[in-house]
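Naming convention: chains lettered A, B, ... in sequence-line order (proteins, then strands); numbering from 1 in each chain.
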Amino acid sequence: MRHVILGAGPAGVVAAETLRGLDADASISIIGDEPEPPYSRMAIPYLLSGRIEERGTHLRKRGDYFAGRGIEVVRARAEKVDAKAKRVHLSGGKSKTADYDKLLVATGARPLTPPIPGIDHARVSSCWTLEDARKILAGIKNGAPVVLIGAGFIGCIILESLVAAGAKLTIIEMGERMVPRMLDQTCGELLQKWCEQKGVRVLTGAQVAAIEDAGKSGVSVQIKDGPAIPAELVISATGVRANAGFLEGAVKLQDGAVLADERLASSDPDIFAAGDVACGKDFSSGEYSVQAIQPTAVEHARIAAHNMRQSGAVRHRGAVPMNVLDTIGLISSSYGLWRGVDGGDSGALLDAPGFRYICLRFAEDRLVGANTLGLTQHIGVIRGLIQGRFALGKWKQRLVENPLQLMEAYLAVTQA
Amino acid sequence: MQVTFKLFATLMRHLPPGAKRHAVTLEFGAGEAVTPNQLIERFAVPRSEVHLVLVNGVYLAEDGRDTPLRDGDQLAIWPPVAGG
Amino acid sequence: MAWAKKLLRVNLAKGEVASEPLNMEWAGEYIGQRGLATRYLVAETDPKCDPLGADNKMIFATGPLTGTAVSTGGRYSVITKSPLTGAVACSNSGGFLGAELKSAGWDMIIFEGKSPKPVMLRIVNERAELVDAADLWGKSVWETDKLIHDKYQDAQIRIAAVGRAAESGCLYSAIINDLHRAAGRSGVGAVMASKNLKAVAVRGSRGVGGVKDPARFMKSVAEQKKVLAENPVTGKGLPALGTQVLMNVVNEIGALPANNMRDVQFDGASKISGEAMLEPRPGDGKPNLTTNAACFGCTIACGRISTIDKNHFSVENKPEYWGNSGGLEYEAAWAMGADTGVSDMDAITYTNFICNEDGMDPISFGATVAAAMELFELGAITTKQTGGVELKFGSAEALTWCADQVATGQGFGKELGLGSKRLCEKYGHPELSMTVKGQEFPAYDPRGIQGMGLTYATSNRGACHLRSYTVASEVLGIPEKTDPLVTDGKAGLVKAFQDATAAVDSLGICVFTTFAWTLDNIAPQVDAACDGEWSVDRLLEAGERIWNLERDYNMKAGISGADDKLPERLLKEAAKTGPAKGKVNGLEKMLPEYYKLRGWTKDGQLTDKVRKQFALPA
Amino acid sequence: MQRSLYIDADKCTGCLQCEMACSFENEGVFNPAKSRIKVFNFHQEGRFVPYTCTQCDEAWCMAACPVDAITMNRETGAMEVSDATCVGCKVCTIACPFGTINYNQDSGKVIKCDLCGGDPECAKACPTEAITYVDADATGLDKMRAWAEKTDNAAKAAH
């Protein structure tokens with residue numbers, strides 16, 4: 001059996017490992033287009049802040065890890081998939097093609113390039129790859145003005161390193177609050193206040209009209225109906241899109257990602273998808289969407305691997321959307337249906353001066369979603385309660401009154 | 001002859017079924033001699049747990065526990081206990 | 001080290017807080033907690049000051065072992081001048097507050113002055129601030145606890161507070177921490193309230209470190225925990241039955257004071273005993289006791305967690321009292337039960353809840369109610385004062401009514417809140433007050449346990465069993481059995497217990513460990529934890545130094561050897577039943593010997609020799 | 001045979017000896033705030049419940065770690081965090097449905113129970129045998145596994 005895996009991120013690597021665990025003899029190849037050994041984008045912010053070196057981002061630390069497991073890691077770029085011939089056309093590597101019995105698409109995503117005049121200026125960088133990180137590190141000088149376009153997850157998580165490096169930072173966010181796709185209004189506003197207290201200028205509801213060259217001093221970022229902000233470096237973090245364009249025509253796409261069913265199979269039964277490139281089942285809503293987060297990628301990968309080995313072996317019940325974000329030391333998280341559901345109750349607590357917040361969302365007496373800010377202890381039980389679909393009984397009202405009793409509620413309903 | 005036999009605290013479990021709270025009243029024939037140690041034996045109270053032995057509220061040291069009880073005596077026994 | 005070496009000084013008048021280094025020279029002499037805080041009180045206050053005036057200070061103090069893994073190492077004490085006795089007050093409490101304070105990095109808090117308005121002290125590690133407490137004033141301890149937790153949204157905050165009893169001037173009001181642990185005796189709550197200080201809320205996450213020899217300490221702690229576990233008292237009896245195991249014992253030996261100490265035995269004793277707490281009650285089939293519970297670090301776990309039968313008259317239609325809370329300890333069950341003649345366990349559990357909820361010492365409360373009942377019997381108090389309530393011995397309704405009145409400072413509750421000495425004086429029968437130096441007796445009748453007569457008479461904080469618990473020897477045979485009905489040898493026994501207890505109370509551990517431990521078990525743990533060398537002799541010397549320092553403070557406050565006395569009833573009215581029948585307490589035989597052993601003058605004054613020996617402050 | 005921590009909440013008195021032993025072993029100070037085992041107090045119910053990581057087979061934390069900082073100790077079966085490798089991204093803390101791996105803001109790393117290398121201090125410190133270290137079969141882990149089955153896709157995938 002020839003398993004070909006496109007993409008050397010966490011989904012690809014975990015799928016390869018799972019396949020190897022299931023089948024000692026299968027041929028397994030990971031094809032990735034970056035020069036580095038498989039690494040984690042999750043770790044890039046910590047590389048930027050100097051907490052780790054590049055090696056610390058590597059998914060597996062031993063140099064001979066993949067070879068030792070008979071997993072071939074190939075550097076090449078997938079250009080096209082010929083589903084009929086079960087062949088991937090490649091570029092940039094030694095081989096021009098790779099033939100498969102089962103194919104896993106785990107090519108992840110790439111940053112969007114917003115349609116802004118001047119976005120291709122040499123002083124503008126995205127923050128996605130190790131290469132980007134190197135560029136940013138080289139470009140920041142103490143006291144240098146830096147503009148960050150986009151206060152989404154990626155924008156926020158790299159703030160700490162930019163502030164620590166001494167950048168004079170301005171964030172420009174189109175939405176009306178920070179991290180609008182992960183945090184509710186209260187949470188987003190608290191986060192903004194936090195950033196401002198740390199000396200970061202935050203402009204929400206603002207759009208970049210153009211980036212103009214300003215000669216030696218860098219660029220000038222022009223805000224629509226607003227000021228022009230000088231910058232030595234501009235970081236663009238306006239979102240990502242799935243790397244699925246090369247599959248156009250081969251499998252069904254949704255929202256630009258590979259629609260992956262409960263077996264993580266695409267519309268072609270021999271082509272699977274996992275991770276950020278997959279439009280998979282959402283546990284909470286029951287709908288299909290992209291959930292760009294490590295635990296989902298790993299879950300996808302494992303299930304896809306089982307089904308690649310034996311079709312229909314395992315079904316996916318859907319992943320609970322969740323995320324955790326550290327913004328200059330302030331930690332926020334989101335779970336499931338954090339916006340709440342129609343007719344559902346919620347329980348919230350706000351300690352604005354202490355930068356603490358929690359909002360639990362219920363459907364009847366079950367927990368379905370949550371946002372937290374400034375809380376780090378035992379927050380995993382939010383997932384436990386959501387995914388276990390536990391009926392909370394009298395604990396629901398207790399949680400409405402005091403959401404911080406999560407752990408007690410969890411123990412009461414699971415260990416009673 | 002009548003003797004009240006009382007067991008307290010963790011020794012209560014050694015009382016026969018039907019005992020009232022901590023005590024049983026025991027009847028003996030006239031002239032029949034019974035000592036605290038014999039009662040301890042009879043109700044299988046572990047010696048290691050026999051600490052405070054009171055006859056009518058007065059402490060009975062170990063060397064006095066083979067002296068026969070008298071009619072109407074109250075024998076009360078505790079394991080080592082304390083409070084404050 | 002083990003000490004945090006830092007104290008927090010809170011000037012309530014100015015609203016200022018400041019950190020200062022702990023006087024380590026004093027710590028070497030007075031250890032910590034009870035001893036060291038008394039040293040500060042002596043240095044910083046006039047013993048003649050008005051206990052409820054701005055000049056009195058109040059100290060929350062931990063010991064060097066507080067917050068460490070040593071078993072029971074969670075204690076703190078409140079040291080101040082008592083409004084009930086005019087003597088030094090030192091009330092020791094368990095729960096979790098003491099360890100939290102230490103973990104926040106503080107050995108002590110010294111409160112001085114009086115705040116112009118109600119405040120609470122909030123401590124988060126090294127940060128401390130006074131916070132307006134207008135919203136908390138007038139609230140019970142339980143309400144205050146909830147409001148503070150709600151306000152700061154942190155379940156881990158440990159809180160000590162005073163309730164409405166203290167606010168309304170109850171002279172035996174307590175400071176309650178962790179909902180149902182109390183710095184209970186001598187009216188320390190009234191002092192706190194007089195300073196307009198409602199609560200102390202502590203969150204500590206720095207931890208307690210700096211143990212001198214960590215490996216040796218952990219080894220010693222493990223060994224000594226084993227000693228407690230294997231000892232039948234601390235390993236079995238106390239966890240199973242709590243201190244309430246004593247109710248039947250003390251009744252059986254004829255030393256259970258009943259009906260304001262007229263009697264030495266109580267018919268209803270077994271109904272309110274530790275054993276009875278385990279029996280299913282007729283109303284709802286549940287036992288009074290739900291579980292035992294430990295204070296911080298305690299491997300004994302004598303604490304009781306109890307419920308009241310929902311259908312009982314005291315709580316019907318009051319669901320707020322249907323859940324679990326701190327249950328009966330022996331002293332509380334005796335004072336509110338035997339001494340008032342009440343044998344209704346649910347009623348006593350209810351009044352115990354009330355004592356916790358609004359901060360009252362259940363011993364002084366129960367004993368004061370008992371005195372009031374006797375005054376009522378004599379007709380000195382009538383339904384005119386009580387608004388119709390028949391204050392009869394044995395009346396559970398009267399008892400619960402009194403608790404509600406004192407807790408909230410209403411009507412006759414105000415008078416009951418002054419304690420039995422002032423109450424009996426007011427109604428013309430001072431002889432009916434069962435007190436020493438103004439503080440009510442605890443649960444051992446000195447006619448049936450002779451040594452306790454000397455214990456009470458010479459206690460530095462008025463009648464108290466915990467200053468020299470000779471019951472251990474005279475009744476329970478710990479460390480060895482002595483005859484409770486004789487006075488011979490009791491002076492030496494009392495002195496030895498007093499000195500050892502003063503040392504234990506200064507370390508941060510619970511005196512209940514001494515049912516299994518002697519200072520030989522304690523000293524190695526202290527020595528492994530604390531700077532310097534700590535032997536049994538050094539601990540005993542420190543204990544004796546502390547005892548003399550407290551005595552000296554009291555003398556300067558105007559208390560003399562003439563106050564080392566017992567109520568006439570215990571000296572003249574012989575016990576009517578039980579082994580002590582026909583006996584009174586022989587204090588006059590024990591006291592001179594005791595003074596001599598102490599090296600004091602014949603009238604109980606400290607001598608220059610003693611002052612010099614212990615290097616007491618002038 | 002591998003051993004596990006077995007918790008019998010009915011025996012717990014809430015003394016926090018376990019938390020002190022844990023924090024002393026791992027942090028060098030007595031500090032319940034930094035303990036990997038926590039005792040939860042159900043005051044109304046009169047119940048204390050000690051709680052820590054069960055070292056579950058499927059180890060959500062391990063799977064969620066993007067940098068391979070969590071690995072299984074083959075001898076003890078414990079999932080251990082390598083401080084040198086952990087970058088502090090906290091993904092494991094939201095992924096663990098038991099809430100037993102937590103971020104330590106002071107160190108910038110996550111902390112969890114590692115069974116003290118096969119000799120758990122909490123169990124040794126517990127005075128009432130509410131926490132014991134016993135053969136894995138006896139721990140009622142089955143209950144936990146059944147729950148895991150219900151919760152997780154990947155767990156099922158592995159069986």
N/O donor-acceptor pairs under 3.5 Å from side chains in residues 227-241 of chain C, not counting sequence neighbours:
unit_1, atom_1, unit_2, atom_2, d
Asn231(C), OD1, Val233(C), N, 2.7
Asn231(C), OD1, Thr234(C), N, 3.2
Thr234(C), OG1, Leu228(C), O, 2.7

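- Of the two parts of Phe42(D), neither the backbone nor the side chain holds a non-hydrogen atom closer than 4.5 Å to a non-hydrogen atom of chain C.
- Atom NZ of Lys318(C) has more than 12 neighbouring heavy atoms from other residues, nucleotides or ligands inside a 6.0 Å radius.
- Listed for the Lys225(C) side chain is no donor-acceptor partner under 3.5 Å among the backbone atoms of Pro127(D).
- To the nearest 0.5 Å, atoms CZ (Phe48(D)) and CG (Asn292(C)) are separated by 8.5 Å.
- Classification of the Phe217(C)-Phe30(D) ring pair by plane angle, with boundaries at 30° and 60°, yields perpendicular.
- Residue with the most contacts toward chain D among Gly297(C), Gly323(C), Cys298(C): Gly297(C) (heavy-atom pairs, distance under 4.5 Å).
- Put simply, CD on Glu45(D) and OG1 on Thr307(C) are 12.0 Å apart, with the number rounded to the nearest 0.5 Å.
- Both the backbone and the side chain of Ala293(C) come within contact range of chain D, with heavy atoms under 4.5 Å apart.
- Heavy-atom neighbours of chain C within the stretch residues 12-22 of chain D, taken at a separation under 4.5 angstrom, comprise Thr13(D), Gly14(D), Cys15(D), Leu16(D), Gln17(D), Met20(D).
- Of residues 77-87 of chain D, not one residue has a non-hydrogen atom less than 4.5 Å from any non-hydrogen atom of chain C.
- For the pair Val29(D) and Arg206(C), the tightest heavy-atom approach, listed with the atom from each and the gap, is CG2-O, 4.2 Å.
- Looking only at side-chain heavy atoms (C-beta outward), His43(D) and Leu179(C) come within less than 4.5 Å of each other.
- Contact tally against chain D (heavy-atom pairs below 4.5 Å) for Thr68(C), Val208(C), Thr291(C): the top residue is Val208(C).
- Around atom NZ of Lys310(C), no more than 12 heavy atoms belonging to other residues, nucleotides or ligands sit under 6.0 Å away.
- Taking both residues in full, the closest heavy atoms of Ser103(C) and Asn31(D) are given as OG-OD1, 3.7 Å, listed atom of the first, atom of the second, then distance.
- Rounding to the nearest 0.5 angstrom, the gap separating the CD atom in Glu121(D) from the CE atom in Met218(C) is 6.5 Å.
- The neighbour count for Glu126(C) CD, taken as heavy atoms of other residues, nucleotides or ligands under 6.0 Å away, is above 12.
- Within residues 100-112 of chain D, no residue has a heavy atom under 4.5 Å from a heavy atom of chain C.
- Within a 6.0 Å radius of CD in Glu75(D), other residues, nucleotides and ligands contribute 12 heavy atoms or fewer.
- Taking CD1 of Ile305(C) as the reference point, atom CG of Asn41(D) lies at 8.0 Å (rounded to 0.5 Å).
- Of all the listed residues (Ala69(C), Gly67(C), Pro214(C)), the one sharing the greatest number of non-hydrogen pairs under 4.5 Å with chain D is Ala69(C).
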